[in-house]
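These notes are about the structure you will find just below.
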Protein chains: 4
Amino acid sequence: MSETMLALTKMRPGPGVELVERPIPTPGPGEVLVKVKAASICGTDLHIYRWDPWAASRVHPPIIMGHEITGEVVARGPGAKRIRVGDYVSLESHVICNACRYCRTGQGHLCPHTRVLGVDRDGGYAEYIAVPEQNAWPNPPDLPLEVAVLLENFGNAVHTAFAFDVRAKKVLVTGAGPVGLMTIAVLKAIGARAVYATDITDYRVDFARRMGADVALNARTTDVVTALMDITQGDGVDVWLEMSGSPAAIEQGFAVLRPGGQVAILGVVGRAFTLDWDHGIVFKGAEVKGITGRRLWETWYQMRGLVFSGAVDLTPLVTHKYTLDQYEQAFATMASGESGKVMFLIHP
Amino acid sequence: MSETMLALTKMRPGPGVELVERPIPTPGPGEVLVKVKAASICGTDLHIYRWDPWAASRVHPPIIMGHEITGEVVARGPGAKRIRVGDYVSLESHVICNACRYCRTGQGHLCPHTRVLGVDRDGGYAEYIAVPEQNAWPNPPDLPLEVAVLLENFGNAVHTAFAFDVRAKKVLVTGAGPVGLMTIAVLKAIGARAVYATDITDYRVDFARRMGADVALNARTTDVVTALMDITQGDGVDVWLEMSGSPAAIEQGFAVLRPGGQVAILGVVGRAFTLDWDHGIVFKGAEVKGITGRRLWETWYQMRGLVFSGAVDLTPLVTHKYTLDQYEQAFATMASGESGKVMFLIHP
Amino acid sequence: MSETMLALTKMRPGPGVELVERPIPTPGPGEVLVKVKAASICGTDLHIYRWDPWAASRVHPPIIMGHEITGEVVARGPGAKRIRVGDYVSLESHVICNACRYCRTGQGHLCPHTRVLGVDRDGGYAEYIAVPEQNAWPNPPDLPLEVAVLLENFGNAVHTAFAFDVRAKKVLVTGAGPVGLMTIAVLKAIGARAVYATDITDYRVDFARRMGADVALNARTTDVVTALMDITQGDGVDVWLEMSGSPAAIEQGFAVLRPGGQVAILGVVGRAFTLDWDHGIVFKGAEVKGITGRRLWETWYQMRGLVFSGAVDLTPLVTHKYTLDQYEQAFATMASGESGKVMFLIHP
Amino acid sequence: MSETMLALTKMRPGPGVELVERPIPTPGPGEVLVKVKAASICGTDLHIYRWDPWAASRVHPPIIMGHEITGEVVARGPGAKRIRVGDYVSLESHVICNACRYCRTGQGHLCPHTRVLGVDRDGGYAEYIAVPEQNAWPNPPDLPLEVAVLLENFGNAVHTAFAFDVRAKKVLVTGAGPVGLMTIAVLKAIGARAVYATDITDYRVDFARRMGADVALNARTTDVVTALMDITQGDGVDVWLEMSGSPAAIEQGFAVLRPGGQVAILGVVGRAFTLDWDHGIVFKGAEVKGITGRRLWETWYQMRGLVFSGAVDLTPLVTHKYTLDQYEQAFATMASGESGKVMFLIHP
């Protein structure tokens, strides 16, 4: 193994990223070293790439980007023992403390000491990455790379789709980006009576339909509220999963939510906004849950159940593949809104 | 409308039943009169037909048999107003009091004043039946008769399958009679990772496989416990739905239930039996729920969601059809163990 | 019984109310006639009295006001049979349809056909009122009038306090009006580890302390967020019950809510307001539930359990008593913010 | 610190125990060394002392007995960092693997690799004990020794009492040994409407009453079923916590359990027994949960909330105190059935 590797690195504050030589990391106590096969791009990566105010306040260069990662374990640090060299793994991106009240009661996704790969510590747009052993999840050898690379992100979809009981219920998904699309597939697999999806581009509306949405609407060109109230014969939807981060979509969602309806929110608005919670939540007796990350580690068991059994097929999600040196094109594709998941092939 | 009708009636205590002329009932306050299209046979009907000790202690002849019924509403009693004449309905067989604590808190299935059609008051193996309006559930006009007649019984399957969260989980169904078979179809529709079924005849084991069981085992010829522990790589099953009423199957179920596992019991054993609950329930931290009837009325909304949306197809369940005068053959078929559901066509 | 009675009636749109002669109502089918012993004043009554925009849009005079009522059953309409003449009852103010999906599944508090006493149909600031039998809840003969009159309102407190598991948890109540005060008493009775209360008058802050709050703070004079984070050693609160309808209190509540915290909202803001739900709900993985009315009928069983067993003592809540002709003084007292519950004695 | 210590040790298979010199343990990686202040006796200890068939099959001498322990941390092994030298701690007796599916999803109480102090590895009837850091829970310095020593055992009571929602409900506790008695105190603190207790000695029945039971019955001299159905006016109990391990008590419990009732079982019967689950569980739609250990680590947070806030007072539970050399008397007292908790003072 050479002593250095190529890594897409944010070298200093400001827009952009560079493909540079970095030392291959040494796995610490309880860690494993993973030779990265593939990594995909998330909205968060775009924020860091563009260096928006959130990124400027959170990220401390130099740092290797990337937190959706699959690869092969090539070495173990002291004390690591459950994951074996040679294992084909997907990585959980949240490194948690294991010691706080949240970590000790099955709520590690809320650990206040969480450090995120590619955000708070070096990520996986690189040839190698070192992570705590517990963050590496072995896959069956024949799992397609396109699926293995998506598991971290798929975990957001599963966490959201599993937030409420959707069996035999009518479910609305606002926002059909990659996570929304995966969520639609999950909802169909777990017995939703009907899945309605909205977004604001025809590309995504069509994609939503292909992923199984019974009805998919372009909110730019359709009066979503009237359409959904018609389709549901005035009943509204039982469950609503908000994945757009758009105040307009949020207003529409509350308008079609039935009394006693349930809402899981993964979408981030990015600012305070005006909400009529009397009518949206209080008088309706509605239930609203915020969703962050994946339940550590329950979501991983759940998503492996869905994917390894064939109940959910993620392969249609990856629409573009690049090598690391094509990063400008990769981020541009991701930014276009006309893609599913965009993936780097590193050591495929 | 003539003033009398033909009805399969238990005229007096003792085995058998008679096809006799009975007055067409008059719907009382809040009731509707249903012209019966079809009715199917349940295990309970067989108990009454044979006049076993349970039937002798519970049923007071003369009584018209039959509680799985579909038909058309032809008249309304005083005060009935939601169901319309002409509606094509399936009937809930449990007539509840609406006044007790259970009825008033969404737990009508536990109402101690319940009177069951065909058991405690006249049933539907007849040309007509009068029932409280709230027991009639309108179907879409194009719902196949084979499905409409099964909804009451299907409600047992849905109540049991919905008792616990099965998403991405490994589920065992012990007993693949008609309700077990419908349950298997539901489990597949709501995202179980794997469904294992056991029974003691090849007919039912094959049927289970056709309804979607990933693994179906004949407990007469297979060591079920060893087989299931192998298939689950020693983990055991997450959820177990007991529908056999067999102490042997119950012992097997507990043996393969994982720690923290969940059990829903619909099967009736018919007598006390020996149980090691220390190992079956206590040390395992297991959860066991008894299931009776359908949740009134939540289960009806749920099952309509599953059936009307096409998520579950019940048509393969009905394997035999008879006219009322062929009742001896119908009960013999039902008793053979080599049938799915057996159905009377009355005014199809 | 004379044919007319005195009743505080909103005779026409506009502020104020009149004490006039009205016909004694005749109980309809399934209804009972109640001779009113006492009635208390709720915030809603003040809105109607003052004729604010909400009242103007909802209430159609002439209508008798009042929805918090206790009295004695003096007659039954046709079909009423469970409640007996002579029963000492408290009244549920929401008259529901019993026929919709919500009513049929234990969620009658969400019935879209609800008609509220004193708002949508004649209320109980009168000598007599007719209500559906199911809205009358018998009390033990020795229950103090001060308690019987409060049960409807107490149901809001129980519904809110029971929305989440508070056992061994730290709970914040924002808003110490009458419902907030009753909620504090409930929280202490059901095992909250600590109860923190905030309001903006010393009168209410003191009252909160007397009802059992471990800490009560005046948000006008104290930096509530800093104080509560100190008291909880930086952990924040586990559960927050919002009963103020104040955007400032809402902002404080989210600031001290711990990750994974739970929020039940009974307070009505009266307008849209600006909310940062990214930080308040999403990143925190928080759970927010709107509360409306009482669970029909689960809450009534629960509150009777709490009150009849002595676990909660409501008698300190009533601070002022008037006769019907003192209504101007009664509403003025209620409007002052320096009262607990204000009560009319009618036929005590 | 001397190199040896006194320890009550089961030196070889067979009845009895010996007070012998043993090496003071060295804390391993992630462990702390605790100087034992006090330890109490559990039923399990009696099984090991007497060397019954269960003990003979499970325990491998030589082993130091004792798993209910409090003391002061005097040293830390490599890597231990959260617990400080000088901390006054209570110990969780279950040492879990932290790596299996159960440990990783907040269900560590079900870890199949659990090793129990005093059963599978050296316990705390000794001057010192080494345990993993995560098993040590710091107490406030002023917590009475009598309370600190009981926390592990109290966790069984909390785990059982918290298994179901008991707010405003009628709860039966069968079995008023030490854990049953602590459970009664918890039930009163968390809002049970009424607590009924049964046992078979007057000593325990009286003790149950002192701990807060509204009704306590001696099942040897009272027809418990008739009495409880009378007291509940024929309704039966909502929740039943079984802590006796007695088939007779189990039969009584099911007889008074209402339809839809809930049962948590901590009591171990020690053998298979005859159960009519059709009537006990199935037709009633009852819910039965097995309880084992404490939820790791949720129960510890909960019980500290209850105890540190003063909601539950455990001090009346300890009725006898001995020094280690009085162990024969201590075990005899414990075996007599006429004691609360029996406690060894070691370095008080």
Side-chain angles (χ1 to χ4, degrees), chain C residues 106 138 140 151 154-155 157-171 182-196 212-215 231-233 235-239 258 260-261 294-295 297-313, chain D residues 106 137-138 140 151 154-155 157-171 182-196 212-215 231-233 235 237-239 258 260-261 294-295 297-313:
Chain C
L151 287 186
F154 181 56
V158 173
H159 190 181
T160 312
F162 277 40
F164 293 107
D165 177 9
V166 301
R167 296 172 301 187
K169 290 187 180 165
K170 295 167 187 164
V171 185
M182 291 189 273
T183 300
I184 291 166
V186 176
L187 292 169
K188 294 303 289 185
I190 60 175
R193 174 178 182 166
V195 178
Y196 314 118
D214 297 279
V215 174
I231 289 166
T232 60
Q233 295 166 289
D235 288 340
V237 303
D238 300 303
V239 174
R258 72 160 172 83
R294 292 143 295 285
R295 288 190 72 87
W297 302 92
E298 189 62 26
T299 305
W300 278 89
Y301 293 101
Q302 291 167 334
M303 64 174 143
R304 286 149 49 104
L306 291 173
V307 168
F308 297 176
S309 69
V312 171
D313 179 13
Chain D
W137 285 79
L151 287 186
F154 181 56
V158 173
H159 190 183
T160 311
F162 276 39
F164 293 106
D165 177 9
V166 301
R167 297 172 302 187
K169 291 188 178 163
K170 296 168 187 163
V171 185
M182 291 189 272
T183 300
I184 291 166
V186 175
L187 292 169
K188 295 302 288 183
I190 60 175
R193 174 178 184 165
V195 177
Y196 315 118
D214 297 278
V215 175
I231 289 166
T232 60
Q233 295 164 288
D235 288 340
V237 303
D238 300 303
V239 174
R258 73 159 171 84
R294 290 144 298 282
R295 288 190 72 86
W297 302 90
E298 190 60 27
T299 304
W300 278 88
Y301 293 102
Q302 292 169 332
M303 66 175 141
R304 284 149 49 106
L306 291 173
V307 168
F308 297 176
S309 69
V312 172
D313 177 13

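Proteins get letters first, then strands, A, B, ... in listed order; numbering begins at 1 in each. Computed from a predicted model, the values in this text were never measured in an experiment. Heavy atoms only: backbone and side chains are in, while hydrogens, waters and symmetry mates are out.
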**Complete:** Taking every heavy atom of Q302(D) against every heavy atom of A168(C), the minimum-distance pair comes out as O-CB, 3.4 Å
**Item:** Non-hydrogen atoms of S309(C) and R193(D) that approach each other most closely
**Value:** CB-O, 3.7 Å
**Item:** With sequence neighbours excluded, residues passing ring-ring contact (aromatic ring centres under 6.0 Å, His included) with Y301(D)
**Value:** W137(D)
**Request:** Sort F162(C) into side chain, backbone, both or neither according to what part of it lies under 4.5 angstrom from a heavy atom of chain D.
**Result:** both
**Request:** Check whether A189(C) gets within reach of chain D through its side chain, its backbone, both or neither, counting any heavy atom under 4.5 Å.
**Result:** backbone
**Complete:** Residues passing the side-chain hydrogen bond (donor to acceptor under 3.5 Å, both in side chains) test with R258(D), sequence neighbours excluded, are D238(D)
